[in-house]
Amino acid sequence: MKLPLFASAGIGALCAASAVLAIDPIVIKGSKFFNEKTGEQFFFKGIAYQPRTGLTSENPDPLADTVGCKRDVELFKDLGINSIRVYEVDYNKNHDTCMKLLEDAGIYLVLDMPSPKYSINRAQPYWDHDTMSHWAAKVDAFAKYPNLVAWIAGNEVANDKNTTPSAAFVKAAIRDMKAYLKSKGLSTPVGYADNDDMEIRMNLINYFSCGDKETRADFYGINTYRWCGDDATFQSSGYSDITKNMTDYTIPSLMTEFGCNLVRPRAFHEVDSILGSDMSDIFSGGIMYEFTEEDNNYGVVKVSYGSSEVEKTEDYENLKKAYTKASPKGAKMNDYKPSGKDSVCPQVSSVWQVKGDTLPPTPSSARCKCMMDSLGCTITKSELSADEGKAVGEVVGNICGLTDCKDISYDTSKGVYGNYAACDSVQRSAWALNKNFVNSRYTQCEVKGVDTAIVKSPKQEDTDVCLTMKDDMGNIAAPITPSEDDEEGAINDDGEDTGKGSGSKSGSNNDDEDSPSRKTSSETSAGSRSFDGRSIVQLVAGAATLALAAF
């Protein structure tokens, strides 16, 4: 489903809503969060909130479950939390009741922009109009709520050295969603949460905090489960190392997930450090994982969708004691003078495959539509089932193994992105089928089990016009050109290889954002991706059945 990016309520309505705030706004100054009204530093005493037991709908949404919200907000107040992190909602549903209950209780919402179906795939990453439009729709649905305190644009996307190219696409998403928020008169911060991989940690934080304010993350989150058992300490758990690594940055950091469950009941002694003198000068609190007891055994309560019944686990009282005891001493906003150093983007290396000063382009639905209108061989559907996607993927994989597919490909290590690399997976597939159609002297345009068609008189004859179409933020999208030092594999405006390299570099992993790694990589060059057959199975609209949950 394609959604218009500017379909939300006007700025005037947002201003009217903000005029009757019942909860103080939280703002960022330097590397800290502050209550804008009181000037007190704000620390997150949070909990991850994504109930799954008893779910009957395809799209989980705890903020639309009125019965559950009424039940859980009372528990939130008893626990002494001031924030929740929610990973997935259905933006088509009404959230007024739950958000008002949370607001009245003084509880802020940290909300993830991605969902399992509309996320940046860590192994075969792309940032396209379809994904961006769904994130924008989520922004539109929650923009009116004053207790929406922060957005997270990616959760553990790049989780090892082989998946670092995905960071470029997350950062492009951060750039575009910050611009989208700004176009709506909003300044809600957008951040990133990593997976506590020390091999790439410093490169990740430097990458997401380097560059200008329009492109860098507004805050950085760490998901960590190092502090395990009663005998663990600030030093032995490795929390001291994490804290040292996060000093001298110009953006805030917080624990976006914590709470090792190897030993239960959990005592939550790490809260003393997170919200105490060990870490409070560097970290802005944290979010414990998680509220409800699910199959992974991290919950403090047992509940079910639509039911008011509650059963507390042994962890509940321990978390309550830890949060009640915690009373971090922070800075005053007026007295605080931000310090820290501007980050330098990391250099390409064996463990970092992203050129820091070049981002993937902002999606341009107009450019992609124009390209589709130029094809003599095309796919007639805008969405494919998983079976159709597999069939197309096998054909496209073969095509791009034999011919140059750089117009729909990229090389993050060189900062090179094809002219149609930001189009969706069906459009990129159609481009490849058409190239094969031309190469076969206009004879091959069939994929078994998939509706394809030969277009005798394409609507668009001049593809150069496509490259000047505006992007989805209304900017003129100039033709994409390679960086000056890219001597091999460069791409000109016609998508032709102008360097010494020949052939396509193919490789994929079969992995969605936040899912366990299941690598099937055949990469031939760090950071380089052509359009691979397996990626279509993941990324076509029919891949909802294949996507894994983000939590």
Side-chain angles (χ1 to χ4, degrees), residues 124-126 128 165 168-169 353 355 358 360-361 364 367-368 370-379 392-447 452 458 460-467 477-508 521-536 539:
Q124 196 75 26
Y126 284 92
D128 56 32
F169 294 87
Q353 303 167 16
K355 185 177 180 180
T358 308
S364 172
R367 172 183 287 196
C368 296
C370 180
M371 178 270 287
M372 291 292 286
D373 287 342
S374 74
L375 304 181
C377 170
T378 190
I379 298 172
V392 172
E394 290 176 354
V395 172
V396 172
N398 290 331
I399 293 170
C400 290
L402 297 172
T403 189
D404 176 11
C405 283
K406 287 188 174 66
D407 246 14
I408 54 173
S409 308
Y410 56 83
D411 188 336
T412 59
S413 66
K414 295 179 179 178
V416 176
Y417 301 90
N419 287 317
Y420 304 109
C423 297
D424 68 39
S425 55
V426 176
Q427 293 167 333
R428 298 194 305 272
S429 296
W431 182 96
L433 293 180
N434 182 74
K435 180 153 191 179
N436 187 60
F437 178 64
V438 173
N439 290 347
S440 69
R441 299 182 183 275
Y442 309 99
T443 60
Q444 297 178 19
C445 185
E446 292 184 0
V447 177
T452 60
Q460 183 64 50
E461 295 183 359
D462 182 9
T463 55
D464 288 343
V465 173
C466 301
L467 304 183
I480 300 168
T481 56
S483 54
E484 292 180 0
D485 60 350
D486 180 32
E487 297 178 357
E488 188 172 348
I491 304 168
N492 67 15
D493 292 350
D494 297 318
E496 299 172 345
D497 187 353
T498 61
K500 294 179 288 186
S502 63
S504 172
K505 296 175 181 177
S506 177
S508 77
S521 178
S522 58
E523 294 163 6
T524 59
S525 176
S528 177
R529 300 290 190 277
S530 71
F531 192 58
D532 181 281
R534 284 164 292 199
S535 68
I536 186 76
L539 299 176

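These values consider heavy atoms only, across backbone and side chains, with no hydrogens, waters or symmetry-generated copies. Only a predicted model underlies this, so the values are computations on that prediction, with no experimental measurement involved.
K435 places a side-chain N or O within 3.5 Å of a backbone atom of D404 that can act as its donor or acceptor partner. No donor-acceptor distance shorter than 3.5 angstrom exists from the side chain of D407 to the backbone of G418, with no hydrogens or angles considered. The main-chain N or O of C405 is found under 3.5 Å from a side-chain atom of S409 such that the two form a donor-acceptor pair. Between the side chain of T412 and the backbone N or O of Q353 there is at least one donor-acceptor pair closer than 3.5 Å.
Ring-plane geometry between F437 and Y442 is classed as perpendicular, the angle between the planes exceeding 60 degrees on a 0 to 90 degree scale with a lower cut at 30.
Summarising the geometry of M371 relative to S374, their closest heavy-atom pair is O-OG, 2.6 Å, with the distance given to 0.1 Å. The shortest heavy-atom contact between A421 and Y126 is O-CD2, 3.0 Å. Shortest non-hydrogen contact noted between C445 and T452 is O-OG1, 2.7 Å. T358 approaches G415 most closely through the heavy-atom pair CG2-O, 3.3 Å. Of all heavy-atom pairs spanning Y410 and P125, the tightest one is OH-O, 2.9 Å. In plain terms, the two heavy atoms of P360 and Y417 that are nearest each other are CG-CE2, 3.5 Å.
Note that OG1 of T403 is 8.0 Å distant from CG of N436, once rounded to the nearest 0.5 Å. Here the CG-CG distance, from D128 to D424, works out to 5.5 Å after rounding to the nearest 0.5 Å. Atom NZ of K355 sits about 10.5 Å away from atom CG of D411, to the nearest 0.5 Å. Atoms OH and CE, on Y420 and M372 in that order, are 12.0 Å from each other to the nearest 0.5 Å. Atoms CG and OG1, from N434 and T378 in turn, are 8.0 Å apart once rounded to the nearest 0.5 Å.
A search for side chain to side chain contact (heavy atoms under 4.5 Å, CB included) contacts involving C368 returns C423, Q427, not counting sequence neighbours. Under the side chain to side chain donor-acceptor pair (under 3.5 Å) criterion, D373 pairs with K369, not counting sequence neighbours. Considering only residues two or more places apart in sequence or on other chains, S440 meets the side chain to side chain contact (heavy atoms under 4.5 Å, CB included) condition with T443, Q444.
Within a 6.0 Å radius of CD in Q460, other residues, nucleotides and ligands contribute more than 12 heavy atoms.
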Steps toward side chain to side chain contact (heavy atoms under 4.5 Å, CB included) verdict (R428, V396): CA-CA 9 Å; R428 298 194 305 272; V396 172; over 6 Å; no

